[in-house]
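Report on the following structure.
Nothing here was measured: the structure is a model prediction, and the numbers come from that model. Here, residue 1 is the first one in the sequence, and each next residue gets the next number. Atoms considered below: every heavy atom in the structure, side chains included; atoms not considered: hydrogens, waters and symmetry mates.
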Amino acid sequence: MDSKVVFITHPYYGINNPDNNLRIYKKNRKTDKWYFIQCKDKKEYSRELKKYVLGFYDYSRDEKKSHSSMIGYFMGEKKSDDIMIQNKMRREEMAMLKDGTFIKDDMVEDMKNNWSNYLENSNTQLAVLSLYQDYVDENINVKDLQKEIATSILPKLFKYCGYENPKENLEWIVSLHTDRENNYHFHIAWVEKNKSYRYYNNKLGFKRKLKLSDSENNFMKRQVSLAIERNKLYRPALIKINEELEHLQKYFNPKDQNFTLKNISDLDLEEEIVRLGFLLSEVRDTNKKYIKYNSLPRNEIGKEIRELTRDVKRKLFSSMSDLDLSKKEVNKSIEELNNIFLDIDKRNNISNIGFESAFDNQMIKDKLEKADNYILNSIVNHALYNYDYNKGKTNKKTDKITLNDVISETAIIIYKKNGKYYPKNRKKYRLKLLEDYFIYGTYRNHDALSNALRRLSKNSNQAAEQFYEMLSENEYENNR
């Protein structure tokens, strides 16, 4: 099967690259095999290399064309007027910079000087990206594709190859040529203007070895293929993932009728939320009403809050079928996107070397992380609000007690007595608290619980007995 996307690269070493072997590599036009000219010293190497960038093109077909620079060739400097008109090529709209603008004639001399300076230390990477014209035209405007490659795809490739802050530290050119039958091809060149490759000793330097690996080549081809087919396949799949994530987040929106944290019927989970609210109240800034999960302190109590929040989240998803189903729908949509990746690779003859699944795709990971943070923030802020609200109700002078009063106070007592480790048999411990109060009259030092239970017990002993019986036989049995 013919490849619809072909990406070929070849590096020219910087003059002062420590790995430089002073060889100028060239390609035989008849056999497509590479050969090299061995330079005697750096001076000769510098002269030969800068001939290429500043005023020599090795793939020339005649002497006249051989004096074109790389940049000039990218801009169609030696193409005849007939070829330019026939293929609708315009010199001022051929070679594009990294910001999506085109190189103008009055910019060329400055660019040559800049690249000449970069070549002292930095390698220059040359590449040709070749595409079937029909494949492109069926899916995207080729000029839109050129801008996508220059402004989005190449920065992604450079990051994948290990460069740091490529938009700041690298320069590159993407030139579109359309003068071959049923073929669009982009001539691409890039160079480091600052040290941007981090080595194992954690120091930044110019990248020495530039030959792209199979996985890096495949990454580029895959990104280009996705850009071409974005509107037909890729974008609809992303829209579906976004919709599934939005649906999942609705369960944690306090304004939504499906607000999960208002529909909890698990007593253990309710106690954990109370305990979470208590811990959050200990670390919250008194001037702030809300708290962000990612802004929790990096200390022991912050660690405990994060562990407890994630445990609450895990229990919610494992105990509520609607939540679990919604999460499965998200994963199903991502798997469908993964199938699109595989299909595009297969149709474009891209090997599976360095294959990136949809679940490993950085954009998908960012979306999942954003949704996860939304849920975690919902949990901590609900727990904080719930604790503050119930605490305010408990302090009011009233003769009525609610089940929330007992849940809240027992949860805090258990926590204060046992620290971060709840007893294994919480049911038994809860009953012990009530038994100690009603039968033995202990726990009087816990004012909130004592006051709440005293308000209940002063109505009548019979009411207390009925409450105790209800709590022990019904609530706990239903929530074991």
Side-chain angles (χ1 to χ4, degrees), residues 5-9 53 69-77 79 84 87-115 117-118 122 124-133 135-161 163-179 183-194 196 212 216-217 219-232 234-235 238 361-363 366:
V5 180
V6 177
F7 187 57
I8 301 171
T9 64
V53 175
S69 69
M70 177 193 75
I71 297 174
Y73 182 83
F74 277 21
M75 295 178 68
E77 191 175 78
K79 295 186 184 298
M84 296 287 283
N87 294 281
K88 300 178 181 179
M89 298 167 65
R90 301 173 59 188
R91 279 178 43 77
E92 64 272 23
E93 293 183 357
M94 286 180 64
M96 184 176 286
L97 297 170
K98 61 184 178 182
D99 63 357
T101 61
F102 290 102
I103 300 174
K104 305 301 181 185
D105 286 338
D106 59 3
M107 301 165 61
V108 172
E109 287 306 313
D110 285 340
M111 288 187 64
K112 285 182 180 180
N113 291 332
N114 289 336
W115 279 62
N117 290 330
Y118 301 149
S122 173
T124 297
Q125 182 84 33
L126 307 175
V128 176
L129 175 67
S130 182
L131 309 161
Y132 278 177
Q133 183 174 338
Y135 175 55
V136 175
D137 291 343
E138 288 171 3
N139 295 286
I140 190 173
N141 180 281
V142 69
K143 284 294 182 182
D144 292 338
L145 177 61
Q146 182 180 13
K147 190 168 185 178
E148 179 77 5
I149 292 169
T151 61
S152 179
I153 294 176
L154 282 177
K156 291 178 183 176
L157 172 67
F158 300 148
K159 284 185 179 180
Y160 189 83
C161 293
Y163 295 104
E164 293 192 2
N165 300 319
K167 289 186 178 181
E168 179 181 338
N169 292 317
L170 274 71
E171 292 290 347
W172 60 86
I173 305 171
V174 179
S175 178
L176 170 62
H177 289 191
T178 60
D179 55 334
N183 177 274
Y184 290 132
H185 58 280
F186 295 95
H187 291 279
I188 302 171
W190 68 87
V191 65
E192 286 176 273
K193 60 180 185 178
N194 303 308
S196 62
L212 267 62
E216 290 166 342
N217 273 306
F219 180 88
M220 178 63 176
K221 289 189 284 186
R222 185 174 296 115
Q223 293 299 318
V224 171
S225 300
L226 290 174
I228 292 172
E229 301 196 36
R230 188 179 304 277
N231 289 326
K232 183 170 69 176
Y234 187 53
R235 194 186 300 277
L238 286 181
N361 181 276
Q362 189 58 49
M363 180 176 58
D366 290 343

Minimum heavy-atom separation for Glu216 to Cys161, with atom names? OE2-CA, 3.6 Å
For atom NZ of Lys167, decide whether the heavy atoms of other residues, nucleotides or ligands shown that lie under 6.0 angstrom number more than 12. no
Heavy-atom check, side chain of Val224 versus side chain of Phe7, under 4.5 Å: no
Do Leu238 and Met363 have side chains that approach each other closer than 4.5 Å (heavy atoms only, starting at C-beta)? yes
Would you mind reporting whether Val128 and His187 have side-chain heavy atoms less than 4.5 Å apart? yes
How about Gln362 and Asp366: does a side-chain donor come under 3.5 Å of a side-chain acceptor? yes
How far apart are the closest heavy atoms of Ile149 and Met220, and which atoms are they? CG2-CE, 4.3 Å
Lys147 atom NZ, over 12 foreign heavy atoms within 6.0 Å: no
Would the number of heavy atoms belonging to other residues, nucleotides or ligands and lying under 6.0 Å from NZ of Lys159 be above 12? no
Describe, in one word, how the ring planes of Phe158 and Trp190 are oriented to each other, choosing from parallel (under 30°), tilted (30 to 60°) and perpendicular (over 60°). tilted
Rounded distance (nearest 0.5 Å) linking atom CG of Asn183 with atom NE2 of His177: 11.5 Å
What distance separates Glu168 CD from Leu170 CG, expressed to the nearest 0.5 Å? 10.5 Å
Out of curiosity, Gln223 CD to Leu154 CG, how far, rounded to the nearest 0.5 Å? 10.5 Å
For the CG atom of Leu226 and the NZ atom of Lys221, what is their distance to the nearest 0.5 Å? 13.5 Å
Of the options Leu131, Asp144, Val5, which is the one that meets Val136 in a side chain to side chain contact (heavy atoms under 4.5 Å, CB included)? Leu131
Asp99 vs Thr101, test: side chain to side chain donor-acceptor pair (under 3.5 Å). Steps then yes/no. CA-CA 6 Å; Asp99 63 357; Thr101 61; 2.6 Å; yes
Search all heavy atoms of Glu229 against all heavy atoms of Tyr135 and return the closest pair with its distance. OE2-OH, 2.7 Å
Student check: side-chain heavy atoms of Glu192 and Asn169 closer than 4.5 Å: no
Would you find a donor on one side and an acceptor on the other, under 3.5 Å apart, between the side chain of Glu171 and the backbone of Lys193? no
Close side-chain approach of Val142 to Phe186, heavy-atom, < 4.5 Å: yes
Hey, what do you get for CG (Leu157) to CD1 (Ile188), rounding to the nearest 0.5 Å? 8.5 Å
Between Phe102 and Met94 the two heavy atoms that sit nearest each other are CD2-N, 3.6 Å
I need the minimum non-hydrogen distance between Pro155 and Ala150, along with the two atoms involved. CD-O, 3.9 Å
Show your working on side-chain contact (heavy atoms from CB on, under 4.5 Å) between Trp115 and Thr124 and close with a plain yes or no. CA-CA 9 Å; Trp115 279 62; Thr124 297; 4.0 Å; yes
Distance (rounded to the nearest 0.5 Å) between Met111 CE and Ile173 CD1: 3.5 Å
Of all heavy-atom pairs between Thr9 and Ala127, which one has the smallest distance, and what is that distance? CG2-CB, 3.6 Å
